[in-house]
Number of protein chains: 2
Amino acid sequence: MAKPSKENSPITEHLAYLLAQANREINRQLELRLSKEGVPVEQWRILKVLSDDEGHSMGELADAVLLNHPTLTKMIDRMVSDTLVYRVQDPGDRRKVLMFISDRGKVLCKKLNSLAVDQEEHILESYGDKSTSELKRLLESLIDSSN
Amino acid sequence: MAKPSKENSPITEHLAYLLAQANREINRQLELRLSKEGVPVEQWRILKVLSDDEGHSMGELADAVLLNHPTLTKMIDRMVSDTLVYRVQDPGDRRKVLMFISDRGKVLCKKLNSLAVDQEEHILESYGDKSTSELKRLLESLIDSSN
DNA sequence: CTTCAATTCTTGAATATTCAATATTTTCAA
DNA sequence: TTGAAAATATTGAATATTCAAGAATTGAAG
């Protein structure tokens, strides 16, 4: 009898694949909702992070919203044009730029938040309360264990 | 006392964000290993799917490896140049193209599989057997419930 | 049969992302 | 204090992805 080997297990059994698939699907759904306001998911994340009015450097922000630095810079350029956010040089360390959300950005962010909440509720309905919180817990712990 | 509201929960509590973060991290690790052979994750997925020697249409393949059609076409072009895969017109429906893996592709795929297995084992070690299989189960069920 | 809509894949132009290099400022050791 | 190394953000060129349109084939209604 052949030795069972992990090496030819189908792609669909790999954790990396399942994560990619789930991420793609959930992201697609969220994108669909946010497109009502014509805003990409990444911009919503940026607005949400900046909502604390504390001023975040580009580096912090890039980490928080899961974007590479140059990609973030260019996206922020667009958002500045749209007057959703603005740059301020960090007075304490002039290498840094602090990003802030504008009033217009806050108004938009509120609308986006409620669209996102819609989605989370939709997931809760079809997937269940228990599963959702358990999945969140496991994901957090996976992320933790990867650092 | 203020009504607790989901609308200003931090981004890090959203399922969509946790999935994106976990996916990014696991994918980064996998990428790192596969880069030993100079192959992007998507190409490994393609090779793996084609490993059954059955011949898959571009549409099937695009679904299976989570890529848009035009992106897949261009990636397949590269892989054909590298003689990892080849195209055959479907005799039963000449709109379709059937993709096959070459011998060279199979050799490469084996190496990649063992790099990927390395990673899965690394995850099992740091994250645990129990958590891993429970996470996989929950992800599968989330994907199911989204269709 | 013929024609028109649907399916499948590819292409080219527009857009977005990434890599490597640059500019600026800070840190810190000598 | 000075000078070299590190940290931060941006830029420009190379690369990759996406959108919309196109070409080929099939299906199916009249």
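The chains referred to below are lettered A, B, ... by the order of the sequence lines, with proteins before strands, and numbering in each begins at 1.
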Within residues 74-95 of chain B, which residues have any heavy atom lying less than 4.0 Å from an atom of DNA chain D?
B:K74, B:R78, B:D93, B:R94, B:R95

State which of C:dC19, C:dC9, D:dT8 makes the closest approach to the side chain of B:T73.
C:dC9

Check the distance between [N]'s [atom2] and [X]'s [atom1] and give it to me in whole angstrom.
X     : N      : atom1 : atom2 : value
A:Q43 : C:dT17 : CD    : C1'   : 15 Å
A:E60 : D:dA9  : CD    : C1'   : 14 Å
B:N27 : C:dT17 : CG    : P     : 16 Å
A:N68 : C:dA20 : CG    : C1'   : 13 Å
B:L61 : C:dT10 : CG    : C1'   : 15 Å
B:K96 : D:dT26 : NZ    : C1'   : 11 Å
A:L98 : D:dT10 : CG    : P     : 11 Å
B:H69 : D:dA20 : NE2   : C1'   : 15 Å

Between A:E31 and A:R28, does any side-chain N to carboxylate O distance fall below 4.0 Å?
no

For the pair A:K136 and A:E120, find out whether any cationic side-chain nitrogen is under 4.0 Å from an anionic carboxylate oxygen.
yes

Okay, side chain of B:S146, backbone of B:L142: is any donor-acceptor separation there less than 3.5 Å?
yes

Does A:S57 have a side-chain nitrogen or oxygen under 4.0 Å from the phosphate oxygens OP1 or OP2 of D:dA9?
yes

Quick check for you: to the nearest 0.5 Å, what is the distance between [X] atom [atom1] and [Y] atom [atom2]?
X      : Y      : atom1 : atom2 : result
A:T71  : A:I76  : OG1   : CD1   : 11.5 Å
B:R137 : A:E134 : CZ    : CD    : 8.5 Å
B:D82  : B:R104 : CG    : CZ    : 6.5 Å

